[in-house]
2 protein chains.
Amino acid sequence: MAEKTRSKIVSIKGARQPVTSYDVARHAGVSQSAVSRCFKPGASVSKKMRDRVMKAAEELGYEPNAIARSLISGRSNLVAIMISNLTNLYYPEVLAELTQRFSEHGVRVLLFALRSEADANETLQQIWPYRVDGVIAAAELSPEQVGEFEKRDVPLVFYNRHLTGSPVSSVCCDQEDGARQLVDGLFKAGHRRFAIIAGPPESVVGVERKTAAIERIEELGADDPPILEGDYSYESGFALAEELMKHKKKRPDAVICANDVMAIGALDAFRVNHGLNAPEDISVVGFDGVGPSHWKSYNLTTIRQPVRRMTEAAVTMLMAMIEEPGLPNEKRVFSGIFQAGGSAQFETGN
Amino acid sequence: MAEKTRSKIVSIKGARQPVTSYDVARHAGVSQSAVSRCFKPGASVSKKMRDRVMKAAEELGYEPNAIARSLISGRSNLVAIMISNLTNLYYPEVLAELTQRFSEHGVRVLLFALRSEADANETLQQIWPYRVDGVIAAAELSPEQVGEFEKRDVPLVFYNRHLTGSPVSSVCCDQEDGARQLVDGLFKAGHRRFAIIAGPPESVVGVERKTAAIERIEELGADDPPILEGDYSYESGFALAEELMKHKKKRPDAVICANDVMAIGALDAFRVNHGLNAPEDISVVGFDGVGPSHWKSYNLTTIRQPVRRMTEAAVTMLMAMIEEPGLPNEKRVFSGIFQAGGSAQFETGN
DNA sequence: ACATAGATTGCATTCGAATGCAAGATGAAT
DNA sequence: ATTCATCTTGCATTCGAATGCAATCTATGT
């Protein structure tokens, strides 16, 4: 075929404009491949050529088609972010950070908000067709599900999750260490009657926070704490604090909550329903360091997760795995940062 | 060419598996187009064929390539969601809802979190190459930017924004009506000295809330309220409440805030720094009905936005515009729902 | 058994950009 | 001016699925 006559259907309204690299090429009097190269950083193009093509592209309003590019190059420049409960106060910040950082790498984010952990399978089915370059999972995945990633060679980085006994890459906050810090500080300040408002049993980080706290309490020789399981919501924190007050005689004097929001719920229950103020009457600590933990009504003593550093690490790791396929897995653990507040009698060590 | 010998590079590790429709076709002993049709709902395929193909696809682990499909069909099944400040407590819920609803339509979400309104141009440049089928914008766009959508025939639905004087489709909460409800209820309860903690001047909804409140206050014959501008953050609510207390003599008795978070900040400032409790000493109302507005320490009197109905409307509208290109623009306005709380002396009308 | 409408199927082409290869252009060194 | 190395450029092919068209098959009615 001498000349591929691409008969564009030019709409009468003159609006539609699927300007392709061929159009630009014709307008600039060069070949399509030249146009392609001009839009590829680092390609071998003379200045004269580049100027000419860019001018033509400008004039026609050309925008490279990422879809076509992905198809031929095998790189979609898309990553998927799976988040199990977006309405958990902690995640919006994480999501915003991740999105912006990926954006700086020229990578776009496909968002998947799981309704529940059970959605994971369905979500994965939705992800695969888009041939994403990688995935950040802030959601629990089963070993089988992780296997699907390996089968497809899709890089995966867990965010604040990990599969115990599996080498999958992850970026985490050191839950155990944080929990120990909290117990220690409370203990030093004189607390002996602990209680734990834990996360749901499916939550790996929740379990870690809980387990480490229990162990530390035991190590220090305090009584075994009552352990109540919540779902990370304000309401559950509130309700479980109520539960703790059922036996007024031996109510706890220090309540360790698996996240800030439940801690806030507990504080409210103690204060509103029982007239107990923190830190005079009872100590309450949380975990995460979300925005509202700073609100004056709560002023939470908590462990703040270094979100910026963690998201940066997650993005860097995933990008590296994408660029260099064979890269070994890596787990990065960041220490939580103690955030002094007024919700607990607390003494930091030295 | 008798037979297109597709020489797949079968990796030695046996892991890689870009199974294509050709592979499935060969394995099932049918043509590639047959495979394609089997994966297209509503296509003309016999049961026998479908079973055979599906079995082969299953055996090979075939997953249709959405990228290739998009290229030829001209539909990416992607929508972009632009959100200006994700960390605003109000948006995570919106985002989660939108994502899940789109997912039910087989549409995936590309997320763009703008660092500031100024990022819009850059963001649009990132969006166009992906040939998204439509966009939901919870961010301010200039008329020029909206023009870019029209030029490309990309359906656009504003969420809680709109361009005054332009017919772009949008889903909004009735800000004016909500503001009036709040003023009315406060007035009926006896308040006469209003103050307004407004949103930033760039925020269209903020301006609407403010303007409507001012007008109503004037209509009712109360004094012109002082108007302070915040940035929707807790800190700004707190600081502006402080500001209002500078002139103790004639401090306001009812403070109308442009969103819940600032209202919460104001409540804390009044209580913590000045010993003023709501609603006895001062009334404070917010707007949005975010999660923390229910927290017992605040128990905010506010106008809740019907997020579920609004997101449903937004998704339905955008999908309709995508399916039927010529569709006229439409603006849907939902009334906010009065949410009784304990942060204000308030009397609902009858 | 035969004609015919309707349902299935395969063939060949298409979407838009990237890229290996070879041809052509440019420049440097002699 | 000649040769060779280095840049540039264009040609032709490729990615993987969708689809118009024509060929084939099926079923139905007579």
Side-chain angles (χ1 to χ4, degrees), chain A residues 1-9 16-53 57 60-77 128-131, chain B residues 1-9 16-53 57 60-77 128-131:
Chain A
M1 197 175 323
E3 186 184 333
K4 260 189 181 165
T5 314
R6 307 220 156 206
S7 61
K8 290 284 170 209
I9 297 153
R16 318 272 176 302
Q17 49 163 323
V19 179
T20 73
S21 58
Y22 284 96
D23 299 325
V24 177
R26 187 166 343 112
H27 190 236
V30 301
S31 74
Q32 178 270 330
S33 37
V35 176
S36 170
R37 275 189 270 261
C38 286
F39 281 85
K40 182 183 177 174
S44 158
V45 204
S46 69
K47 177 161 170 12
K48 210 174 87 187
M49 170 69 89
R50 171 160 278 129
D51 292 347
R52 237 171 108 183
V53 169
L60 298 183
Y62 171 69
E63 273 147 6
N65 183 325
I67 302 284
R69 177 184 305 209
S70 302
L71 183 59
I72 186 72
S73 70
R75 278 269 309 248
S76 62
N77 287 309
W128 304 135
Y130 279 93
R131 301 297 191 262
Chain B
M1 193 176 324
E3 185 183 335
K4 261 189 181 164
T5 314
R6 307 217 156 207
S7 61
K8 290 284 170 209
I9 298 155
R16 318 272 177 298
Q17 47 163 327
V19 179
T20 73
S21 58
Y22 285 97
D23 299 325
V24 177
R26 188 169 338 113
H27 189 238
V30 301
S31 73
Q32 178 270 330
S33 36
V35 177
S36 170
R37 274 189 271 260
C38 285
F39 281 85
K40 183 185 176 174
S44 159
V45 204
S46 69
K47 177 159 170 11
K48 210 173 89 185
M49 169 70 88
R50 172 160 278 130
D51 292 347
R52 236 170 109 183
V53 169
L60 298 183
Y62 171 67
E63 273 148 4
N65 183 324
I67 303 285
R69 177 183 305 207
S70 301
L71 183 58
I72 186 72
S73 70
R75 278 269 308 250
S76 62
N77 286 310
W128 304 134
Y130 280 92
R131 302 296 192 260

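Just so we're on the same page: letters track the sequence lines, and every chain starts at 1.
Regarding B:Lys48, its NZ atom lies at a distance of 10 Å from the C1' atom of D:dC25, rounded to whole Å. Put simply, OH on A:Tyr22 is 10 Å from C1' on C:dC15, counting in whole angstrom units. For the pair A:Asp51 CG and D:dT8 P, the computed distance is 13 Å after rounding to whole Å. Taking atom CZ on B:Arg75 and atom P on C:dC15, their separation rounds to 19 Å, with Å as the unit. Separating the CG atom of A:Leu60 from the P atom of C:dG16 is a distance of 14 Å, rounded to the nearest angstrom. With rounding to whole Å, A:Arg69 atom CZ is found 18 Å from D:dG16 atom P. For the pair B:Met49 CE and D:dT26 P, the interatomic distance rounds to 12 Å; values are reported in whole Å. Between A:Arg26 atom CZ and C:dG16 atom C1' the separation is 13 Å, expressed in whole Å.
Residue B:Asn65 places its side chain closer to D:dG16 than to any other of D:dG16, D:dC11, C:dA18. Listed candidates were C:dA17, D:dA17, D:dG10. Nearest to the side chain of A:Gln32 is C:dA17. The B:Ala68 side chain lies nearest to D:dG16 when the options are C:dG16, C:dG10, D:dG16. In this structure, the nucleotide among D:dC11, C:dA17, C:dC11 sitting nearest to the side chain of A:Ser21 is C:dA17. Taking only side-chain atoms of A:Ile72, from C-beta outward, the nucleotide of D:dA18, D:dG10, C:dG16 with the closest atom is C:dG16.
To the nearest 0.5 Å, atom CZ of residue A:Arg69 and atom OG of residue A:Ser36 are 7.5 Å apart. The distance from atom CD1 of B:Ile67 to atom CD1 of B:Ile72, rounded to the nearest 0.5 Å, is 14.5 Å. Summarising the geometry, atom OG belonging to B:Ser31 is positioned 13.0 Å from atom CZ belonging to B:Arg26; distances are rounded to the nearest 0.5 Å.
Remark: A:Ser21 pairs with A:Gln32, A:Val35, A:Tyr62 by the side-chain contact (heavy atoms from CB on, under 4.5 Å) rule, at least two apart or across chains. For B:Tyr130, there are no ring pair (Phe, Tyr, Trp, His ring centres under 6.0 Å) partners at least two apart in sequence or on another chain. With sequence neighbours excluded, no residue forms a salt bridge (charged side-chain N to carboxylate O under 4.0 Å, His left out) with B:Arg50. Annotation: salt bridge (charged side-chain N to carboxylate O under 4.0 Å, His left out) contacts of A:Lys48 (sequence neighbours excluded): none.
Within the 4.5 Å cutoff, side-chain heavy atoms of A:Ser33 are placed close to those of A:Arg37. With contacts defined as side-chain heavy-atom distances shorter than 4.5 Å, the pair A:Arg131/A:Ser70 does not qualify.
In this structure, the helix from C:dA1-D:dT30 to C:dT30-D:dA1 shows an angle of 30° between the axis at its start and the axis at its end, each fitted on 5 base pairs and rounded to 10°.
Shortest non-hydrogen contact noted between A:Pro18 and A:Asp23 is O-OD2, 3.7 Å.
Contacts of residues 36-47 of chain B with DNA chain C (heavy atom under 4.0 Å): B:Arg37, B:Ser44, B:Val45, B:Ser46.
Both B:Ser33 and A:Ala34 lie near DNA chain C, and the one whose nearest nucleotide falls closer to the 5' end is B:Ser33.
Looking at A:Thr20, its side chain has no donor and acceptor atom pair within 3.5 Å of the base of C:dC15.
Among the heavy atoms of the strands, none lies under 4.0 Å from B:Val35.
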